[in-house]
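One structure below.
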Amino acid sequence: MQSSRHHGDDSGHSLVFFDLETTGLDVPTCDIVQMSAVCGDASFNVHMLPRRRMSPQASRVTGFTVQDDALLLHGRRVETVSRQRALITFVDFVRSFSRPVLVAHNAFRFDAPVLARALREFCLQSEMEHVLSGFLDTFLLSKELLGPTGIRKYSQEYLVEHFLKKSYRAHNALEDVKALQELFHHWNPAPSIIRRHIFTMAQLDDPFFALPYLGPRHRFFFQL
DNA sequence: TGCCAGGCCCTCTTTAGGGCCTT
């Protein structure tokens with residue numbers, strides 16, 4: 001039975017902001033090294049040792065390196081849990097909320113498919129699908145929400161600086177999710193816009209699902 | 001050892017190229 005914890009929007013969804021730090025940007029092959037989430041005051045944060053080496057670019061951006069089978073953050077060892085344990089506890093965290101939606105910046109292209117692949121490896125995808133109402137991509141949502149305002153840059157770091165007038169430790173997953181939650185509450189988008197941008201894990205593998213995210217030209221084409 | 005993507009969008013476009021977003 002699910003708990004009734006609810007920190008969400010007016011449509012009854014709990015918005016669980018999440019972020020992954022990984023060994024690189026290659027969605028089909030990268031490994032997760034940090035997984036963080038926040039929903040209201042509840043937070044989740046685990047580190048895990050990657051199987052593949054960190055790309056130099058990812059190390060430079062995140063500060064994570066691997067040395068002697070230990071994960072280091074800016075040269076300091078951080079505690080890790082097994083990848084399976086990390087994913088099981090994450091599913092449990094998500095399960096503790098009412099009608100949870102996992103929210104991330106660029107979730108559709110990056111965080112959601114990387115998470116789905118990791119869950120699939122440990123046969124946890126169907127369990128997560130059962131628990132989860134869907135994903136929400138704040139990158140795509142912000143384009144619709146802010147496009148008419150003339151904003152031309154949609155990186156999370158820029159949006160946080162622009163709207164919240166502050167900088168933060170970007171690329172630390174826990175700091176990223178806290179900033180994203182604050183940014184989202186600052187925007188306070190209408191439930192209708194939120195609902196329009198929610199997608200399920202199954203839809204990640206559905207080529208036709210890309211339709212709602214296609215640009216005006218494509219949308220016009222399909223309306224013909 | 002050494003290096004690393006992909007798909008959409010925009011425009012000085014469509015016989016293309018470059019930028020963005022995530023690490």
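The model shown is predicted, which means the values in this text are computed figures rather than measured ones. So you know, we letter chains A, B, ... as the sequences are listed, proteins then strands, and number each from 1. Heavy-atom basis, side chains included; hydrogens, waters and symmetry copies ignored.
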Round to the nearest Å and state the distance from [X] atom [atom1] to [N] atom [atom2].
{"X": "A:Gln57", "N": "B:dT22", "atom1": "CD", "atom2": "C1'", "value": "13 Å"}
{"X": "A:Met54", "N": "B:dT22", "atom1": "CE", "atom2": "P", "value": "16 Å"}
{"X": "A:Ile151", "N": "B:dC9", "atom1": "CD1", "atom2": "P", "value": "19 Å"}
{"X": "A:Arg60", "N": "B:dC4", "atom1": "CZ", "atom2": "P", "value": "11 Å"}
{"X": "A:Phe108", "N": "B:dG6", "atom1": "CZ", "atom2": "C1'", "value": "12 Å"}
{"X": "A:Arg117", "N": "B:dT22", "atom1": "CZ", "atom2": "C1'", "value": "14 Å"}

- Item | Partners passing ring-ring contact (aromatic ring centres under 6.0 Å, His included) against A:Phe44 (at least two apart in sequence or in another chain) | A:Phe90, A:Phe93
- Task: Look at the aromatic rings of A:Phe18 and A:Phe135 and report parallel, tilted or perpendicular, splitting at 30° and 60°.
- Result: tilted
- Heavy-atom contacts under 4.0 Å between residues 24-31 of chain A and DNA chain B, which residues? A:Gly24, A:Leu25, A:Asp26
- Ignoring hydrogens and angles, tell me if any N or O in the side chain of A:Thr23 forms a donor-acceptor pair with the backbone of A:Ser55 under 3.5 Å.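 Judged by distance alone, no pair lies under 3.5 Å.
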Please classify the nucleic acid contact of [X] as base, sugar-phosphate, or nothing, using heavy-atom distances under 4.0 Å.
{"X": "A:Asp111", "result": "nothing"}
{"X": "A:Thr62", "result": "sugar-phosphate"}
{"X": "A:Arg52", "result": "nothing"}

- Between B:dT13 and B:dG19, how far is it from one P atom to the other, in whole Å?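 Each nucleotide's P atom is 16 Å from the other's.
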Please table the atom pairs, donor to acceptor, closer than 3.5 Å between any side-chain atom in residues 169-178 of chain A and protein atoms at least two apart or in another chain.
from, atom 1, to, atom 2, distance (Å)
A:Asn172, OD1, A:Leu174, N, 3.0
A:Asn172, OD1, A:Glu175, N, 3.3
A:Asp176, OD1, A:Tyr168, OH, 3.1
A:Asp176, OD1, A:His171, N, 3.4
A:Asp176, OD2, A:His171, N, 3.0

Could you list, one pair per line, each protein nitrogen or oxygen that sits under 3.5 Å from a nitrogen or oxygen of nucleotides 17-21 of chain B, together with the distance?
from, atom 1, to, atom 2, distance (Å)
B:dC21, OP1, A:Tyr154, N, 2.6

- Item | salt bridge (Lys or Arg N to Asp or Glu O under 4.0 Å) partners of residues 54-80 of chain A, not counting sequence neighbours, each pair once |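 Salt bridge (Lys or Arg N to Asp or Glu O under 4.0 Å) check on residues 54-80 of chain A returns no pairs.
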- Message: My understanding is that a hydrophobic cluster links ILVMFWY residues whose side chain heavy atoms are under 4.5 Å apart, including indirect links. Using that, what else belongs to the cluster containing A:Val33?
- Response: A:Leu49, A:Met54, A:Phe64, A:Val66, A:Leu71, A:Leu73, A:Val78
